[in-house]
Amino acid sequence: MIKIENPNGYIEITNNYFANLVGKAAQSCFGVTGMVNPNPIRSIKAAVKSKLSYDNNDRGVTVKSVNGQLVIDLHISVSYGVNINAIVDSIMNKVRYTVEEATDLKVAKVNVFIDALN
């Protein structure tokens, strides 16, 4: 949970909100075929959870707050034969813009890990 203080009080934004926001932004980019869980335990939990819900946008997304700025890690799968540098640049720009516009928080880094080719 990220807590923001302003002159009117505190605002708390959950990690689930960030994960869904970032996941939707990343999946809307050309060449991205899906989000990938970075470790096996999360994969098993997601497989069980996916039977209960169809929303998998938060898979493979980690958001941390460091010194008042966000650090976002994405684990994705991409289409075979596409330019990976172009996809990664597109994802980084789209995610940074989407998060900063929606939350008015500064994004320090967006780390993109390509875990699979489809």
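Tracing side-chain contacts under 4.5 Å through hydrophobic residues (I, L, V, M, F, W, Y), one reaches Val82 starting from Val32; they form part of the same cluster. In the hydrophobic clustering of ILVMFWY residues, with side-chain heavy atoms under 4.5 Å counting as a link, Tyr80 and Val36 come out apart. Under a hydrophobic clustering in which Ile, Leu, Val, Met, Phe, Trp and Tyr are joined whenever their side-chain heavy atoms come within less than 4.5 Å, directly or via other members, Tyr97 and Val112 fall into different clusters.
Listed by chain and number, the hydrophobic cluster partners of Val66 are Val71, where partners are ILVMFWY side chains within reach of under 4.5 Å, directly or through others.
Under the 4.5 Å side-chain criterion, counting only non-hydrogen atoms from C-beta, Val22 is not in contact with Val110. You'll find the side chain of Val78 reaches within 4.5 Å of the side chain of Leu117, heavy atoms only. A 4.5 Å side-chain heavy-atom check between Val95 and Val107 finds every atom pair outside the cut-off.
Considering only residues two or more places apart in sequence or on other chains, Ser65 meets the side-chain contact (heavy atoms from CB on, under 4.5 Å) condition with Ile2, Leu70. Among residues two or more places apart in sequence or in another chain, the side-chain contact (heavy atoms from CB on, under 4.5 Å) test is passed with Tyr17 by Ile13, Thr14, Leu21, Ala102, Thr103. Asn8 pairs by the side-chain contact (heavy atoms from CB on, under 4.5 Å) definition with Asn6, not counting sequence neighbours. Scanning for ring-ring contact (aromatic ring centres under 6.0 Å, His included) contacts around Phe113 gives His75, with sequence neighbours left out.
In this structure, a donor-acceptor pair under 3.5 Å is present between the side chains of Ser77 and Thr33.
Here the closest heavy-atom approach between residue Ile76 and residue Met35 is recorded as CG2-SD, 3.8 Å. Taking all atoms of both residues into account, the shortest heavy-atom contact from Ala25 to Thr98 is CB-OG1, 3.8 Å. Taking each heavy atom of Ala26 and Leu74 in turn, the nearest pair found is CB-CD1, 4.2 Å.
The local environment of CG in Asn118 is crowded, with over 12 non-hydrogen atoms from other residues, nucleotides or ligands closer than 6.0 Å.
Considering Thr62, Val61, Ile72, Val63 as possible partners of Phe18, the one that fulfils the side chain to side chain contact (heavy atoms under 4.5 Å, CB included) test is Val63.
Rounding to the nearest 0.5 Å gives a distance of 9.5 Å between CG of Leu105 and CD of Gln69.
Among pairs with a residue in residues 73-96, those fulfilling salt bridge (charged side-chain N to carboxylate O under 4.0 Å, His left out) read Lys64-Asp73, at least two apart in sequence or across chains.
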